[in-house]
Undergrad: 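Below is one structure. I have some questions about it.
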There are 2 protein chains.
Amino acid sequence: MNETFKALSDPTRRKILDLLKESDLTAGEISGHFNMSKPSISQHLKILKNAGLVQDVKKGQFVVYSLNTTIFQDIISWAFNFTDDQKENKRG
Amino acid sequence: MNETFKALSDPTRRKILDLLKESDLTAGEISGHFNMSKPSISQHLKILKNAGLVQDVKKGQFVVYSLNTTIFQDIISWAFNFTDDQKENKRG
DNA sequence: TTATTATTTAGTTAAATACTTAAATACTTT
DNA sequence: AAAGTATTTAAGTATTTAACTAAATAATAA
């Protein structure tokens with residue numbers, strides 16, 4: 001869970017996830033949405049990928065990135081354990 | 001959401017949340033669970049408090065910390081928007 | 001009121017992070 | 001094969017973070 005939260009702790013990376021939520025995008029298309037160098041975005045994508053939050057597929061000379069939605073279920077499960085709902089379930 | 005994820009990105013702080021999930025604790029009791037100075041834990045508690053993840057109440061010379069469970073609902077909502085469930089709901 | 005206990009604030013340092021530019025790699029087109 | 005495009009890797013730097021110790025604040029007990 002540590003790599004996941006580390007990856008999510010940066011606003012640029014969360015904005016990348018927001019973009020990929022709408023549609024799959026190449027590395028270049030993603031970097032087009034930021035006032036930041038392509039290498040910087042590439043680094044962020046690497047961190048997101050290592051955290052399992054995104055996947056990539058090479059399409060010719062492009063690399064297409066997409067969300068890996070399964071990890072978000074893990075985040076939901078983690079957070080649910082801290083809610084009142086969970087406390088109620090414990091008791092009853 | 002940025003302060004929240006920043007706060008959650010540290011393993012020590014997530015462990016503090018785990019402890020408070022079981023019961024409310026004073027600052028000193030919390031620091032007793034770590035091989036770390038009390039001031040360091042105090043800083044972590046400050047960050048968790050500023051992020052709205054915990055609350056504190058002064059009881060005499062003690063400060064009792066407890067979870068603020070409402071924020072975790074926000075995390076769940078955020079994560080849910082990245083799941084396949086959400087995509088299905090969009091379509092149908 | 002002096003000493004003791006609980007906690008936070010202040011100041012410092014080492015390590016981690018997020019950026020940059022330049023160079024390398026991989027693929028495509030001519 | 002040479003040139004151009006897409007992307008990543010490498011190397012360097014400024015900022016942020018997380019730890020520490022020492023000092024300050026606040027409450028309690030002697």
Side-chain angles (χ1 to χ4, degrees), chain A residues 1-68 71 75, chain B residues 1-68 71 75:
Chain A
M1 222 57 197
N2 190 43
E3 224 176 349
T4 306
F5 281 118
K6 271 272 160 61
L8 292 174
S9 71
D10 183 88
T12 299
R13 289 195 288 269
R14 289 199 306 280
K15 191 177 165 189
I16 290 173
L17 295 177
D18 285 334
L19 292 169
L20 294 177
K21 189 170 60 179
E22 303 308 320
S23 65
D24 298 350
L25 295 169
T26 68
E29 288 171 333
I30 292 167
S31 83
H33 285 83
F34 296 88
N35 290 329
M36 198 179 291
S37 69
K38 281 163 197 265
S40 292
I41 295 300
S42 182
Q43 298 270 33
H44 283 304
L45 288 170
K46 189 182 189 175
I47 289 165
L48 288 170
K49 187 182 166 185
N50 289 342
L53 287 157
V54 306
Q55 306 162 314
D56 64 341
V57 178
K58 187 138 198 181
K59 288 267 174 66
Q61 65 191 318
F62 300 89
V63 179
V64 179
Y65 282 87
S66 60
L67 283 186
N68 179 5
I71 290 268
I75 297 166
Chain B
M1 224 53 201
N2 191 42
E3 225 177 349
T4 306
F5 281 117
K6 271 272 160 61
L8 293 175
S9 71
D10 182 88
T12 299
R13 290 195 287 269
R14 288 200 307 280
K15 191 177 165 191
I16 291 173
L17 295 176
D18 284 334
L19 292 169
L20 293 177
K21 190 170 57 180
E22 303 308 319
S23 64
D24 298 351
L25 295 169
T26 67
E29 287 170 333
I30 292 168
S31 83
H33 284 84
F34 295 88
N35 290 328
M36 198 179 289
S37 70
K38 281 162 197 267
S40 294
I41 294 298
S42 181
Q43 295 277 30
H44 284 305
L45 288 170
K46 189 182 190 175
I47 290 165
L48 287 170
K49 187 182 168 186
N50 288 342
L53 287 157
V54 306
Q55 306 163 314
D56 65 341
V57 179
K58 187 138 198 181
K59 287 268 173 63
Q61 65 189 320
F62 300 90
V63 179
V64 179
Y65 282 87
S66 59
L67 283 186
N68 179 5
I71 291 266
I75 297 166

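Here the structure is a predicted model, which is why all the values come from computation and not from measurement. Lettering follows sequence order; numbering is per chain, from 1.
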Undergrad: Name the one of A/T26, A/V57, A/L20 that satisfies side-chain contact (heavy atoms from CB on, under 4.5 Å) with A/Y65?
TA: A/L20

Undergrad: DNA chain D: B/I41 or B/G60, which has the more 5' nearest nucleotide?
TA: B/I41

Undergrad: Below the 4.0 Å mark, does D/dT17 have OP1 or OP2 next to a side-chain nitrogen or oxygen of B/H44?
TA: no

Undergrad: With a 4.0 Å cut-off on heavy atoms, is A/Y65 in touch with a base, just the backbone sugar-phosphate, or nothing at all?
TA: sugar-phosphate

Undergrad: Report yes if at least one side-chain N or O of B/K46 is closer than 4.0 Å to OP1 or OP2 of C/dT9; otherwise report no.
TA: yes

Undergrad: Examine D/dA19: is either OP1 or OP2 under 4.0 Å from a nitrogen or oxygen in the side chain of B/S40? Give yes or no.
TA: no

Undergrad: Using a cut-off of strictly less than 4.0 Å, decide whether A/S42 has a side-chain nitrogen or oxygen near OP1 or OP2 of D/dT7.
TA: no

Undergrad: Checking side-chain contact (heavy atoms from CB on, under 4.5 Å) for the pair A/I16/A/L25: CA distance, chi angles, key distance, verdict?
TA: CA-CA 10 Å; A/I16 290 173; A/L25 295 169; over 6 Å; no

Undergrad: Within the 4.0 Å heavy-atom criterion, would you say A/S31 contacts the bases, only the backbone, or no part of the nucleic acid?
TA: nothing

Undergrad: Any base atoms under 4.0 Å from A/K49, or only sugar-phosphate, or nothing? Heavy atoms, all strands.
TA: nothing

Undergrad: Roughly how far, to the nearest 0.5 Å, is CZ of A/R13 from CG of A/D18?
TA: 14.0 Å

Undergrad: Name the residue closer to the 5' end of DNA chain C, choosing between A/N35 and B/F62 according to the nucleotide with the nearest heavy atom.
TA: B/F62

Undergrad: May I ask you to say what A/K6 touches in the nucleic acid, namely base, sugar-phosphate or nothing, with a heavy-atom cut-off under 4.0 Å?
TA: sugar-phosphate

